[in-house]
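Worksheet: one structure, shown below.
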Amino acid sequence: MRWVVPEAEHMAEGTLGCQGCGGALSMRLVLKELGQDAVAVLPACCWSIIDGPWPVHALDIPVLHTAFETAAVVATGVKAAKTVQGKDTTVVAWAGDGGTFDIGLQALSGAAERNEDILFICYDNEAYMNTGIQRSSSTPTGTWTTTTPDQRPEARPKKDIMGIIAAHRIPYAATATAAYPEDLERKVQNAVAIKGGMRFLHLLSVCPPGWKMEADQAIEVMRRAVRSKVFPLYEVRNGRDYTITHWPDDLPLEDYFSLQGRFKPLLGNDEMLELVRGNVEERWQTLLARHEASHPASVGSN
Amino acid sequence: MSGLDHVDNYPEIPVSLAPTSTVLKTGAWRSVRPVLKTRTAPCNAYCPAGISIPEYFDFLTQDRLEDAHSVFMERNPFPRITGRVCPRFCEHGCNLAVATDEEPLSIRSIERWLGDHTAEVPHPNPAEETGKQVAVVGAGPAGMAAAYYLRRSGHKVTVFDRRELAGGILRYGIPEYRLPTEIVDNEVRKLENMGVEFRTRLALGADLKLEDLEAAYAAVFVATGATGQRSTGIAGESLLEPGLAFLEAANRNQVSLPGERCAVIGGGNTAMDVARMLQRMGAKVTVLYRRTLTEMPAIDEEYERAVEDGVEFHWLTLPRRVTKLGAKLLVTVEQMRLGTPDESGRRRPESTGIMREMRFDGVFSATGEKADTTPFPDRLRDAQGWLDLDVDGATKDPLVYAGGDLATGPATVIEAIVAGRNAARAIDAELGFSDRWPAVSPIDTVSPAEVNVTYVPHHDRADDPPAVTADPFAEETTTLTAADVLEEIDRCLSCGYCNSCGTCFVFCPDGAILWNNGPRIDHEFCKGCGICVAECPGHVMVLVNEREVSHA
């Protein structure tokens, strides 16, 4: 195999993810680098379903299902218990965008502020998918959801969760996506290796039904999000040091949006499209400036 | 007592009893299923010999040189030779070059590496002796290929040739700087070592009669090439030096320059060889061609190298008359213009009536060669005098076969090799051994629209590096290193052939592609999302409607 991705599987077949589920793929790839001494804490999210109904479940590691707003604090508690037991278990809070950006934000911010020794992973499919595709604060401008229909698409920009996390000055935060599996595996390794403080991974995670697209384009759409700068791949250490880990190639935004039915209102609204284009470019320039400030010697040599 | 004893002693309790796979057979959700399907890579389809190129590349990346070699030898026994002189039919079909702005895979250079690194690997032992004797007339690429496949099949083979050494066009036509004689010697030696007998200085017609060979051998394959000079239609033709004869003399070191200023008439590969050989001997060479570069039949690479050597080209220039002018030759040429396309699709040169004169010390004709079919009786020829042959080279006489340039007119080394192999297979069948050749699989070519070029690494194509030598007759290029070859193969999409790259395995959201040095699709759990099919670089997977499968 030519990919630097471990062959061992730690997620069983027969999960209840939809066809082409980015959440299932993200979990499968993360588990390959997480190690066996780990516990996953799941708030309400797609994975509450994907993991299967009792008495079966899908992961090689224990899973603790918990209430929507509590992923970070339950993970904090599990970690404390493991520490008392003298164990060095990696405790992962695995939450969707609802359990991270919206309902889980208070507990997340608290854990981050206390620099709890946990790994918080948000698999972000940009809406409340398993309850019927309602908008969340992660839903980008111009998106159709069942609560932001075509006539009144999402008007507000996607919440800058990485900015919020970086502001807590935690040791490690990174964006990643399953479309770049080697980059993803490396970031999981980095996150696991840094002990004693809070780590955060933000995974863009395709939802073919919610994004209104063909399941076989699931990898391609995530790849286009990165190439078009909609979802840049980078790491932030200690909330200050930014490193872009994959350089986008100026793929037109439209090539990302046009694969997905959820962006139909955006593609039909030039004013909104230009607003989005400006936001994407402004966020990219901000990121680029931070990267360059963190790597003064490498400026212009990417 | 510590207040935390209950934590230390808390019993482990099972929170679930079994993995999801025990009860959730998610394959039932599927309406389409992915299946692995080996198809034809365009390089393979474009190759006259049909070499399974992605397959031997895969063996090379696995460090399985012998397996790569034997895949290759099924179709072409001389990778060292074609790895140097083939016009690379394969590369013209490369999906990478069609689907992206990347250059095609450097397939010929990899073939050359394979040939050079298996040069000392002896040919396989022949199959059980059949007791049959086959005569091959002509020890060029067609005859040598036929000899290889016939001997490998267990027949006794005698190869006759009119010259003093075997090799034909490989030894006496292609210049040393393109194909060193040592390589031809080695191939002849390897054929001898497997028991092929070479008998030289025996010409068909003069020393050998076809009917005598028919009487003495179980079958005869004639591949005497096309070395006769076709008439140029130029007044004063006897003042012209025939190009192929010049190349033979040059390869024998038996030629001297007629003077510094030389002209070569023609635009084919012989013209390029003659022009470059003269230039390397110290002449200033001008090629006179009646059409333009676009219509010129010589392969691009040879034209480019001629330009690098300093050869000048005069387009739309048709010599009409050659006369002696003291020690010089005066060539009267007519300026041509392009007219309507001819039957080959190339635009036809038309007269303008504008004449001019040019002076040279020597003028060489390379306007095409023709085959000599006079040793064949009339009943084996058609009304035009051509041999009457089927696709395998069988004449109307079941014992006599013909192929190579003799049958086709001047063509390429690989086409001659294919003719030799086809004739060997047909003769083997005629002698009663029809079922031991691999079945010809139908061509089902992967199109550029089907491949996924996302994972191709972007780096420059690896061509044969130029040789560092002051000797103009030494081989002008060298062979890639093993590291270069592996890096180049990394660019290959492996169209239609699973090279176990792992892309399908990595991206399956359901873990339903099981991995054991290669993929196996677990249809019990595959939900049919189609990601594996969409992401597969070489489109080795296709989606099949479940209804068709379950009703099959």
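Chain letters run A, B, ... following the sequence lines, proteins first and then strands; every chain starts at 1.
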| field | Residue Leu29(A) versus chain B: region with a heavy atom under 4.5 Å | value | side chain

| query | Tell me, side chain or backbone of Pro208(A) under 4.5 Å from chain B's heavy atoms, or both, or neither? | reply | neither

| request: Kindly indicate whether the side chain of Val56(A), heavy atoms from C-beta on, has any atom under 4.5 Å from the side chain of Ser21(B). | output: no

| Asp51(A) versus chain B, heavy atoms under 4.5 Å apart: side chain, backbone, both or neither? | backbone

| said: Using side-chain heavy atoms (C-beta onward) and a distance below 4.5 Å, is Asp510(B) in contact with Thr15(A)? | reply: yes

| Interface moiety of Gln217(A) toward chain B, non-hydrogen atoms closer than 4.5 Å | side chain

| Sub-4.5 Å side-chain heavy-atom contact between Phe507(B) and Arg28(A) | no

| query | Is there side-chain contact between Leu514(B) and Glu13(A), with at least one heavy-atom pair below 4.5 Å? | reply | yes

| query | Any side-chain heavy atom of Leu24(B) within less than 4.5 Å of one from Leu16(A)? | reply | yes

| Hey, does the side chain of Lys527(B) reach the backbone of Gly14(A) with a donor-acceptor pair shorter than 3.5 angstrom? | no

| Side chain, backbone, both or neither of Ala178(A) within contact of chain B (heavy atoms, under 4.5 Å) | backbone

| task | Tell me yes or no: between the side chains of Trp54(A) and Ser16(B), is some donor less than 3.5 Å from an acceptor? | result | no

| field | Most contacts with chain A, counted as non-hydrogen pairs under 4.5 angstrom, among Asn452(B), Thr61(B), Asp490(B) | value | Asp490(B)

